[in-house]
Enquirer: 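Once you've had a glance at the structure underneath, I'll fire off some questions.
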Amino acid sequence: MTTELPTKYDPKHCESTWYARWEEAGHFRARPNPDRKPYCITIPPPNVTGELHMGHAMQHTIHDNVTRRKRMQGYETLCLPGTDHAGIATQMKVEEKLYREEGKTRYEVGREGLIERIWEWREEYGNAIYDQLRKLGCSYDWERSRFTLDDGYVAAVLKAFESFHEHGWIYRGTRMINWCPKCGTVISDLETEERLTQGKLWHIRYPGLDGAPDVTVATTRPETMLGDTGVAVHPSDARWQEAVGRQVLLPLMERPIPIVADDYADPEMGSGAVKVTPAHDPNDYEVGARHDLVQIVVIGFDGMMTDHAGAWAGLDRYECRKQVIVALKAAGLLVQIDDHEHAVPHHDKCGTVIEPLPMEQWFMNMEGLAAKARAHLQGGRTEIPQVRYQPDRYRGYALEWLDNIRDWALSRQIWWGHRIPAWYCVDCSGDGLTPLSGYDRDQALKDGAFRVAVEAGARPIVATRQPQACPDCDGTHLVQDPDVLDTWFSSALWPFATLGWPEPTPDLAYFHPTDLMITGRDILHLWVLRMIMTASEFVDQIPFQQVLIHPTILTKDGKRMSKSLGTGLNPLDLVRLYGADATRYSLLAQCGATQDVRFDAQIEDNVVQASASAEAGRNFCNKLWNAARYVMLSVDGNVTPVASAGTGELADRWILSRLAQTIRSIDEAQDSFRFSDVTRTLHEFLWRDYCDWYIELAKPRLLSGQSQGRAQVEGVLVYVLEQALRLMHPIMPFLTEEIWQQLPLADPERPDSLMIASWPEPDAEAIDMAAEADMTFLQAVISSARTIRSELNVPQSKKIHLVLAAGSTASAERLETHRDYVQGLVGAESIDIGTDLTQPASSGSAVVGDIEIYVPLEGLIDTDAEARRLRKEIDKFLSLITALDKKLGNEGFLKKAPTAVVEKERLRRQEYDTSLQKLTSSLEMLE
RNA sequence: GGGCGAUUAGCUCAGUUGGUUAGAGCGCCGGUUUCACAUACCGGAGGUCACUGGUUCAAAUCCAGUAUCGCCCACCA
């Protein structure tokens with residue numbers, strides 16, 4: 001070879017080059033092909049707001065690993081990328097930017113103005129995540145990239161809405177919803193996050209009226225008392241029998257409110273009486289409904305106290321809390337204050353405390369869809385296609401969730417998203433359309449800045465396009481519903497909408513159902529289940545065969561990764577430091593059965609300083625690079641790969657057997673998504689077997705100069721390396737391609753890229769247990785001899801003489817046949833092998849099976865060191881023998897254990913005894 | 001409050017249906033720059049498998065309980 005290869009692998013150089021060449025060659029593209037089976041993954045679309053985080057990096061490394069392997073296996077493999085418009089999150093980001101840069105709020109630029117800015121923002125940042133994925137090496141079909149607000153996708157969303165509405169599942173109704181005062185919108189239960197908060201429990205006395213007893217109630221939210229319209233006690237609570245039906249005086253507001261009997265009150269808690277605020281607590285809302293209690297909204301949509309809060313109107317809800325407490329104290333009605341830890345719902349996007357409020361919204365009844373999804377999750381054998389979960393326990397959680405499903409609040413009071421396809425007639429809606437404060441009616445209707453109240457006369461007309469005229473009054477002045485849909489409504493259609501639905505496209509027919517959905521735990525129900533529901537409903541299929549739940553990535557200390565805490569980890573930092581291949585390797589190596597991964601990166605100021613596991617990946621890259629470098633520099637011209645042992649050389653038989661076994665293990669591990677096993681197995685095979693042993697044994701053969709032997713060893717060296725590169729490619733695409741392209745391989749069939757080369761098949765014929773046993777034996781002998789050398793401080797430059805005293809002719813022959821291996825790898829000048837050899841004077845010694853290994857070292861030997869070594873070995877065997885004797889002396893064991901096990905233990909007992917005797921005599925000799 | 005998962009070497013983790021002396025990588029200690037690689041090579045030390053009990057001839061592995069950590073679900077004031 002004339003090529004000059006640097007001694008270190010440089011990822012930067014070849015990553016961008018190869019990526020561009022693959023893409024140019026169209027290797028990422030997949031199109032319906034009747035001659036091949038399809039394999040399809042639609043990626044979970046990242047938010048356009050987002051930058052790649054470690055969870056993404058893990059997820060996409062898995063995607064691409066699976067995708068590349070399937071492609072090599074001959075499937076028409078599609079990995080379809082896309083991004084999510086991510087309503088609230090994106091709008092929040094752009095609003096922040098708007099305020100930061102222009103000092104304006106969304107209301108100042110108006111609906112159109114804001115949406116325009118969001119699109120601009122998306123153009124600028126929306127594709128950033130694609131570039132990041134490319135840097136990781138993801139071989140996705142970029143020509144098919146989809147966005148949840150692109151034209152075709154919008155058509156799918158409208159169609160879905162219309163269809164659900166026709167079923168009567170989507171309706172307009174008033175219910176208790178979660179309101180985020182900061183974002184000014186409804187959010188669903190699934191978007192709230194309970195945070196454990198250290199708060200207080202205030203006990204307040206409500207004076208009785210007309211002979212009714214005083215009632216003490218406890219609350220974590222005293223400000224809500226301003227909206228209390230009742231007090232509830234349990235119907236069977238003897239203490240309160242007399243009080244039910246009477247009234248107490250609500251302090252501060254000086255309003256008489258009734259005492260009602262309701263099961264909700266828990267006699268065990270406090271006084272047994274509970275205050276009821278129907279407008280600000282989901283439970284109280286129910287209680288209020290049962291007893292016809294008035295709803296008084298005291299906290300408004302902006303988180304400020306309303307006019308109904310009397311003297312406290314206009315205060316922030318938390319300021320009001322403080323003042324209410326002061327006022328109650330002054331009135332002598334605050335009887336007790338306890339520390340109280342409790343869960344408080346927060347908006348998961350912005351962290352604001354949720355305000356529960358009764359409100360009219362669009363809802364979807366989920367029962368029909370839940371039933372459909374449930375049928376696909378039963379497990380076991382059935383006619384109905386089943387979605388498999390890995391790990392399976394998440395399927396159980398999903399079923400549980402479906403059993404408790406509640407109506408889904410669909411509408412959001414934001415501007416970025418799919419506007420609800422419902423229209424109202426301005427002429428006949430009466431008071432059903434009311435402008436938001438600060439707008440006059442005409443402007444409000446024009447800007448979509450109004451509230452809809454079906455209860456007050458608005459009549460929604462659901463249609464995918466604006467109707468010409470009102471079906472009731474023929475009025476032509478129609479306005480669209482101001483709200484947009486929950487982002488998850490659109491993402492729920494992802495797998496089939498990205499393949500063309502609602503059009504009956506060839507893509508949809510060919511690639512759907514898709515094969516794999518890889519996701520984190522956080523959106524299993526929120527998203528994954530809803531995709532199963534909608535696919536079942538709209539295309540009568542499951543959306544994917546299997547759901548793979550990947551580990552959550554934590555920091556070194558087992559904490560959540562978070563940018564704001566300075567523990568966020570940018571995977572591209574790892575790529576920059578160690579290369580994409582090393583990063584991928586490191587992520588897969590940590591992706592085992594355990595759910596959470598503690599990523600070992602050291603982070604300072606949100607920048608990765610170092611990562612031991614990525615460094616291990618880099619070292620492995622470099623090892624592979626240098627192994628290839630050695631092969632290329634050692635062989636003569638283009639080599640014809642050799643896949644058989646030919647002359648029967650042990651090393652060849654052994655490495656080919658190991659290769660076949662490795663392929664089997666890799667297939668098994670890949671198919672069951674045990675990625676850490678995949679990397680471990682390949683690491684072991686390439687580093688230990690191929691580099692440490694096979695190449696070392698090949699060196700003397702390459703130097704010996706016999707042309708026939710040379711062709712054999714060169715052929716096997718190249719063949720095994722080439723096969724291993726194929727196995728490694730889905731993990732380390734860049735490095736493997738780079739090496740593979742340079743391999744001096746005489747193969748006319750060779751495709752233009754490793755990424756479209758075929759996946760290796762294990763050769764059953766090559767599996768050779770005898771060869772593996774022989775090698776294991778020789779490795780043990782060689783290691784023992786090396787240990788003696790090392791422990792007795794024999795310099796490596798010193799050539800030693802080795803005496804191998806075999807306990808049987810079989811062992812002697814075994815050694816004799818492979819004398820060269822031992823001599824070469826131990827670094828011995830000469831070896832004596834025989835059954836009748838005795839221990840030379842002043843020698844180091846060791847025992848392997850029935851072989852005694854002696855290294856004569858006249859004058860050099862440190863007698864004390866050697867004696868220490870031997871005693872330690874002897875002690876080890878003594879304790880082993882003691883344990884074994886106990887076992888073999890146990891009648892229960894002899895009687896009940898399988899005879900094979902007993903036999904094995906007896907044999908071991910003999911071997912130990914032989915070793916012990918030999919070691920003992922060596923020690924005696926020394927002394 | 002209910003459910004689930006985890007606990008194995010200094011660190012991060014493997015350990016498949018119970019059966020040789022519980023493994024790997026990193027780190028540590030000793031040695032080595034002979035022509036693939038010091039991002040390397042050779043060798044070594046290091047574990048009461050969280051704890052307690054049980055089942056079994058035999059338990060890191062199966063069962064029960066305890067502790068610690070984490071996650072999910074839940075309207076308990």
Side-chain angles (χ1 to χ4, degrees), chain A residues 5 7-9 194 201-203 217-221 232 264-266 268-271 273-276 281-286 340 342-343 356 391 393-394 396-397 400-401 404 521-522 524-525 552 554 556 558-560 578 582 589-590 592-600 612-613 615-616 618-634 668 672 674 676-677 680 683-684 688 691-692 695-696 699 783 786-791 793-797 825 827 876-877 879-880 883-884 887 890-898 900-902 904-905 907-908 911-912:
Chain A
L5 291 168
T7 58
K8 283 184 172 50
Y9 168 61
E194 301 283 345
L201 192 57
W202 285 275
H203 298 258
V217 295
T219 181
T220 53
R221 303 187 59 200
Y264 169 66
D266 182 352
E268 305 288 311
M269 298 286 295
S271 68
V274 60
K275 66 194 265 311
V276 182
D281 182 280
N283 296 304
D284 293 8
Y285 180 78
E286 303 290 329
H340 185 68
H342 61 133
R393 63 172 180 276
Y394 290 103
Y397 303 158
E400 208 173 291
W401 189 78
N404 298 310
R521 263 172 292 164
D522 46 343
L524 268 179
H525 306 322
T552 301
L554 306 172
K556 273 177 92 152
K559 303 230 172 67
R560 249 186 123 89
Y578 303 106
Q590 294 180 81
T594 305
Q595 278 303 306
D596 290 341
V597 167
R598 292 182 174 209
F599 202 89
D600 59 16
S613 71
E615 203 168 300
R618 180 203 57 182
N619 293 354
F620 188 30
C621 286
N622 200 53
K623 184 70 182 177
L624 210 51
W625 175 256
N626 276 290
R629 189 165 160 267
Y630 171 77
V631 170
M632 290 187 248
L633 294 172
S634 307
E668 207 189 313
S672 44
R674 295 196 320 266
S676 61
D677 284 354
R680 213 188 340 274
H683 188 273
E684 172 87 14
R688 301 270 86 93
C691 291
D692 290 352
I695 287 185
E696 291 308 318
K699 283 178 180 173
S783 291
R786 283 169 169 174
T787 305
I788 297 172
R789 259 194 106 110
S790 175
E791 301 254 302
N793 296 319
V794 181
Q796 240 142 58
S797 55
L825 293 188
K876 193 177 85 185
F877 277 104
S879 69
L880 283 173
L884 250 187
K887 200 171 190 183
N890 182 340
E891 272 186 47
F893 175 69
L894 297 177
K895 243 187 279 174
K896 297 193 179 174
V901 172
V902 177
K904 214 190 228 171
E905 299 292 31
L907 221 64
R908 270 177 62 205
E911 281 166 15
Y912 289 173

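First the proteins, then the strands, lettered A, B, ... as listed; each starts at 1.
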Enquirer: Mind checking A:Tyr264 for me? I need base, sugar-phosphate or nothing, with any heavy atom below 4.0 Å counting as a touch.
Expert: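 Result for A:Tyr264 = base.
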Enquirer: Starting from C1' on B:C73, measure out to CD on A:Glu194 and report it in whole angstrom.
Expert: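 It works out to 10 Å between those atoms.
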Enquirer: Which residue lies toward the 5' end of RNA chain B, A:Pro898 or A:Ala589, if each is placed at its nearest nucleotide?
Expert: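 Residue closer to the 5' terminus by nearest nucleotide: A:Ala589.
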Enquirer: Taking salt bridge (charged side-chain N to carboxylate O under 4.0 Å, His left out) as the definition, give me every residue that meets it alongside A:Glu905, ordered by chain and number, with sequence neighbours left out.
Expert: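 Scan of A:Glu905 (salt bridge (charged side-chain N to carboxylate O under 4.0 Å, His left out), adjacent residues dropped) gives A:Lys887, A:Arg908.
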Enquirer: Would you classify A:Ala265 as touching base, sugar-phosphate or nothing, given that sugar-phosphate means primed atoms plus P, OP1 and OP2, and contacts are heavy atoms under 4.0 Å?
Expert: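 Counting heavy atoms under 4.0 Å across all strands, the contact made by A:Ala265 includes a base.
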Enquirer: Rounded to the nearest Å, what distance is computed from the OH atom of residue A:Tyr394 to the P atom of nucleotide B:C72?
Expert: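 To the nearest whole Å, that distance equals 10 Å.
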Enquirer: With a 4.0 Å cut-off on heavy atoms, is A:Asp266 in touch with a base, just the backbone sugar-phosphate, or nothing at all?
Expert: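 Answer is base: heavy atoms of A:Asp266 come under 4.0 Å of a base.
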Enquirer: If the condition is ring-ring contact (aromatic ring centres under 6.0 Å, His included), which residues does A:Phe877 pass it with, not counting sequence neighbours?
Expert: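 Result, ring-ring contact (aromatic ring centres under 6.0 Å, His included) vs A:Phe877: A:Tyr912.
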Enquirer: Any side-chain N or O of A:Asn619 under 4.0 Å from OP1/OP2 of B:A40?
Expert: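 Answer is yes, contact under 4.0 Å.
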Enquirer: For a quick test of reading the model: is some side-chain N or O of A:Arg618 closer than 4.0 Å to OP1 or OP2 of B:U39?
Expert: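 False: A:Arg618 side-chain N/O out of range (4.0 Å or more) of B:U39 OP1/OP2.
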Enquirer: Run the salt bridge (charged side-chain N to carboxylate O under 4.0 Å, His left out) test against A:Arg674 and tell me which residues pass, sequence neighbours left out.
Expert: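 For A:Arg674 the salt bridge (charged side-chain N to carboxylate O under 4.0 Å, His left out) partners, ignoring immediate neighbours, are A:Asp677.
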Enquirer: Checking all strands, does A:Tyr912 fall into the base, sugar-phosphate, or nothing category for heavy-atom contacts under 4.0 angstrom?
Expert: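 Base contact.
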Enquirer: With sequence neighbours left out, what residues match A:Tyr397 under ring-ring contact (aromatic ring centres under 6.0 Å, His included)?
Expert: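 Here the qualifying residues are A:Tyr394.
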Enquirer: Which nucleotide wins on minimum distance to the side chain of A:Ile695, given the candidates B:U20, B:A36, B:C4?
Expert: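 Nucleotide nearest to A:Ile695's side chain: B:A36.
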Enquirer: Of the nucleotides B:G70, B:C37, B:C4, which one has an atom closest to the side chain of A:Asp596?
Expert: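 Out of B:G70, B:C37, B:C4, the nucleotide with an atom closest to A:Asp596's side chain is B:G70.
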Enquirer: Using a 4.0 Å heavy-atom cut-off, does A:Thr220 contact any base of the nucleic acid, only the sugar-phosphate backbone, or nothing at all?
Expert: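 Touches sugar-phosphate only.
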Enquirer: Are the side chain of A:Asn626 and the backbone N or O of A:Thr7 linked by a donor-acceptor pair below 3.5 Å?
Expert: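 Yes, because the side chain of A:Asn626 sits within donor-acceptor range (under 3.5 Å) of the backbone of A:Thr7.
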Enquirer: May I ask you to say what A:Thr219 touches in the nucleic acid, namely base, sugar-phosphate or nothing, with a heavy-atom cut-off under 4.0 Å?
Expert: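 A:Thr219: backbone/sugar contact only, no base atoms under 4.0 Å.
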Enquirer: Just the dot-bracket of RNA chain B, please: which string comes out with Watson-Crick or G-U pairs under 3.5 Å, [ ] for crossing, | for another strand?
Expert: (((((((..((((.....[...)))).(((((.......))))).....(((((..]....))))))))))))....
Enquirer: CZ of A:Arg680 versus C1' of B:G23: gap in Å, rounded?
Expert: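 Going from A:Arg680 (CZ) to B:G23 (C1'), I get 9 Å.
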Enquirer: Identify, with sequence neighbours excluded, every residue that meets ring-ring contact (aromatic ring centres under 6.0 Å, His included) alongside A:His525.
Expert: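 For A:His525, the residues satisfying ring-ring contact (aromatic ring centres under 6.0 Å, His included) (neighbours in sequence not counted) are A:Trp401.
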Enquirer: With a 4.0 Å cut-off on N to O distance, would you call A:Asp281 and A:Lys275 a salt bridge?
Expert: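 Salt bridge flag = no for A:Lys275 with A:Asp281.
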Enquirer: Name all residues meeting the ring-ring contact (aromatic ring centres under 6.0 Å, His included) criterion together with A:Tyr578; count only those two or more places apart in sequence or in a different chain, and write none if there are none.
Expert: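 A:Tyr578 satisfies ring-ring contact (aromatic ring centres under 6.0 Å, His included) with no other residue.
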Enquirer: Under 4.0 Å, heavy atoms only, any strand: does A:Asn404 hit a base, just the sugar-phosphate, or nothing?
Expert: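 Answer is nothing: A:Asn404 stays at 4.0 Å or more from every strand.
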Enquirer: Across nucleotides 41-48 of chain B, 5' to 3', mark each nucleotide with B, S or - according to how protein heavy atoms within less than 4.0 Å reach it.
Expert: SSSSS---
Enquirer: Tell me, do A:Phe893 and A:Val901 make a side-chain contact under 4.5 Å, heavy atoms counted?
Expert: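 A side-chain contact under 4.5 Å exists here.
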Enquirer: Is any N or O donor-acceptor pair between the side chain of A:Lys8 and the base of B:A40 shorter than 3.5 Å?
Expert: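 Not at all, since no donor on one side and acceptor on the other fall under 3.5 Å apart.
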Enquirer: Heavy atoms only, 4.0 Å cut-off, all strands: where does A:Glu668 land among base, sugar-phosphate and nothing?
Expert: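 Contact class for A:Glu668: none.
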Enquirer: Just to be sure I understand the rule, does A:Ala627 reach a base, reach only the sugar-phosphate, or reach nothing, if contact means heavy atoms closer than 4.0 Å?
Expert: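 Counting heavy atoms under 4.0 Å across all strands, the contact made by A:Ala627 includes a base.
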Enquirer: Confirm from the modelled atom types if A:Glu905 and B:A58 form a donor-acceptor pair under 3.5 Å, side chain to base only.
Expert: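 Checked by distance alone, the answer is no.
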Enquirer: Would you please name every residue forming a salt bridge (charged side-chain N to carboxylate O under 4.0 Å, His left out) with A:Asp692, sequence neighbours left out?
Expert: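 A:Arg688.
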